[in-house]
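Structure record follows, encoded as structure tokens.
For this chain, numbers begin at 1 and follow the sequence in order.
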Amino acid sequence: MWPHLLHLPEEILLLLFSYLDTQALGRLAQVCRKLQHFTSKDAVWRKIAKKCLNSGFVQQGTDVASWISVKERVRVSQNWKNGRCRRNILLKWKRNLMPWIHLDGNILYLSQAEKISAYKLCSNSNGVHRQPFAVFLDHREDVCRFVLNNSHIISGGGDGRIAIHKVHSAFSIHFTAHDQDVNCVDCHRGIIVSGSRDRTAKVWSLTPSRDGHCLHTIQTDDRVWSVAINPILSGALMTCLGTDFKRGAGVLDVRYETPYTLLSCGYDTFIRYWDLRTSTRRCVKEWEEPHDSALYCMQSDGNHMIASGSAYYGVVRLWDKRMNQCLHSFSLSSPTSSPVYCLQFNTRHLYAALASALHVLDFTTGDSLFKAL
């Protein structure tokens with residue numbers, strides 16, 4: 001039977017194998033070398049991968065990690081699902097800070113006090129080169145947040161400034177943007193949006209001839225902790241997102257997944273999923289932090305998984321959007337307590353910045369040396 005099966009056209013084999021699950025494909029690969037080779041093809045695993053956690057496929061079906069085989073990503077996805085990982089501390093510093101990080105391929109950008117350092121990840125991504133290959137300085141006080149956009153680092157600081165650095169050159173500028181701390185910034189298509197403790201959000205141009213020129217000022221009723229620019233519908237201002245929030249239920253992080261869907265989290269311990277096509281007043285779904293802790297940060301894989309960072313004991317939680325409860329929890333700072341100020345992940349590793357250290361959870365290994373809570 002097998003020789004006749006192998007003589008079938010490839011597209012027919014792909015159709016047949018698309019009905020198999022992970023276990024069946026693994027067994028099929030042990031039959032002979034030809035089937036082992038065929039079942040390693042990305043097309044065989046793509047349907048399964050789209051249902052897996054953090055496999056590199058976003059909701060629209062786009063593959064954002066095409067340099068890694070789909071079969072390998074499905075394997076690693078099982079470790080995310082089951083909470084199997086190794087923990088390592090990449091960097092430590094002596095005094096408590098409020099760091100922010102950004103992951104860009106094999107480069108990790110880390111803010112420490114008034115500087116932003118760029119570190120190259122080691123080939124296995126489980127470590128970093130101890131010395132940064134670039135340092136960006138233009139703030140007189142601590143950097144609050146920064147973003148990387150089109151080879152530019154845009155940062156906001158406690159000195160009320162916005163600084164702009166070109167990553168691959170010595171070009172940099174800075175200007176006074178707010179009367180108080182610039183808590184948050186975002187940038188897209190040459191537009192910068194900043195939010196501040198002075199209860200304003202401002203819109204700026206990244207065009208060289210108009211750097212430092214404020215295009216719009218938006219007055220708010222409270223301090224602005226997080227901003228996000230719609231990736232396509234630029235210029236659309238949502239004046240009210242949600243109603244009936246309790247006093248003090250501030251949003252500390254907000255991120256678009258698509259032009260119409262976004263996630264938010266904050267002091268009231270909830271992650272909320274919004275769909276602007278249905279309503280701006282009520283979220284589509286929400287998940288509550290089980291230990292009543294504020295949520296400082298989050299990231300989504302653009303499909304099924306969310307990772308969040310809590311205010312106490314460096315707790316990182318993994319969530320499956322298809323479930324109502326938290327999937328796994330990891331405490332990174334026990335027995336001492338520290339918030340997770342920022343986290344970033346790719347298909348293999350999760351990086352978390354705490355008050356005095358940068359941690360990594362390595363999900364590539366099936367041998368768990370760090371158990372989920």
| query | Linking Ile, Leu, Val, Met, Phe, Trp and Tyr through side-chain heavy atoms less than 4.5 Å apart, which residues share a cluster with Leu137? | reply |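 Its cluster mates, by chain and number, are Val135.
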Can you sort out the partners of [X] under side-chain contact (heavy atoms from CB on, under 4.5 Å), two or more places apart, ordered by chain and number?
{"X": "Gln131", "value": "none"}
{"X": "Lys34", "value": "Leu6, Cys32"}
{"X": "Leu20", "value": "Phe17, Ala24, Leu25, Leu28"}
{"X": "Leu91", "value": "Trp93, Leu110, Tyr119, Val128, Arg130, Leu358"}

| field | Parallel, tilted or perpendicular: ring planes of Phe175 versus Trp204, cut at 30 and 60 degrees | value |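 Tilted: the ring planes of Phe175 and Trp204 meet at 30° to 60°.
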| task | Take the angle between the ring planes of Tyr109 and Phe146 and call it parallel below 30°, perpendicular above 60°, tilted in between. | result |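 Perpendicular: the ring planes of Tyr109 and Phe146 meet at over 60°.
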| field | Ser308 side chain reached by Val316 side chain, heavy atoms, under 4.5 Å | value |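 Counting from C-beta outward, Val316 and Ser308 never come under 4.5 Å.
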| message | Any non-hydrogen side-chain atom of Arg145 less than 4.5 Å from a side-chain atom of Ser226? | response |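 SC-SC contact between Arg145 and Ser226 confirmed.
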Which atom pairs, donor and acceptor, lie under 3.5 Å between side-chain atoms of residues 42-53 and protein residues at least two apart or in another chain?
from  : atom 1 : to    : atom 2 : distance (Å)
Asp42 : OD1    : Val70 : N      : 3.0
Trp45 : NE1    : Thr39 : O      : 2.5

Check: [X] side chain, [Y] main-chain N or O, donor-acceptor pair, under 3.5 Å:
{"X": "Asn346", "Y": "Arg348", "answer": "yes"}
{"X": "Asp159", "Y": "Arg140", "answer": "yes"}
{"X": "Thr217", "Y": "Lys202", "answer": "no"}
{"X": "Asp362", "Y": "Arg86", "answer": "no"}
{"X": "Asn88", "Y": "Leu90", "answer": "no"}

| request: Would you mind listing every salt bridge (charged side-chain N to carboxylate O under 4.0 Å, His left out) that reaches into residues 276-291, with sequence neighbours excluded? | output: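 Listed once each, the pairs are Arg272-Glu286, Asp275-Arg277, Glu289-Arg317.
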| request: Quick one: which residue pairs count as a salt bridge (charged side-chain N to carboxylate O under 4.0 Å, His left out) with a foot in residues 318-345, not counting sequence neighbours? | output: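 Listed once each, the pairs are Glu257-Lys321, Asp320-Arg322.
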| task | Not counting sequence neighbours, which residues clear salt bridge (Lys or Arg N to Asp or Glu O under 4.0 Å) with Arg255? List them please. | result |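 Per chain and number, Arg255 pairs via salt bridge (Lys or Arg N to Asp or Glu O under 4.0 Å) with Asp253.
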| field | salt bridge (Lys or Arg N to Asp or Glu O under 4.0 Å) partners of Asp181, counting only residues at least two apart | value |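 Testing Asp181 for salt bridge (Lys or Arg N to Asp or Glu O under 4.0 Å), a comparison that skips the adjacent residues, returns none.
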Throw together a table of side-chain donor-acceptor distances under 3.5 angstrom for residues 148-157, partners on residues two or more places apart or in other chains.
from   : atom 1 : to     : atom 2 : distance (Å)
Asn149 : ND2    : Cys187 : O      : 3.2
His152 : ND1    : Asn150 : O      : 2.9
Ser155 : OG     : His139 : NE2    : 2.7

| Pairs touching residues 165-177 that satisfy side chain to side chain donor-acceptor pair (under 3.5 Å), sequence neighbours left out |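 Listed by first then second residue: Asp138-Ser172, Asp138-His174, Arg161-His174.
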| Linking I/L/V/M/F/W/Y whenever their side-chain heavy atoms sit closer than 4.5 Å, directly or via other members, would Val251 and Leu263 fall into one cluster? |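 Val251 and Leu263: separate clusters.
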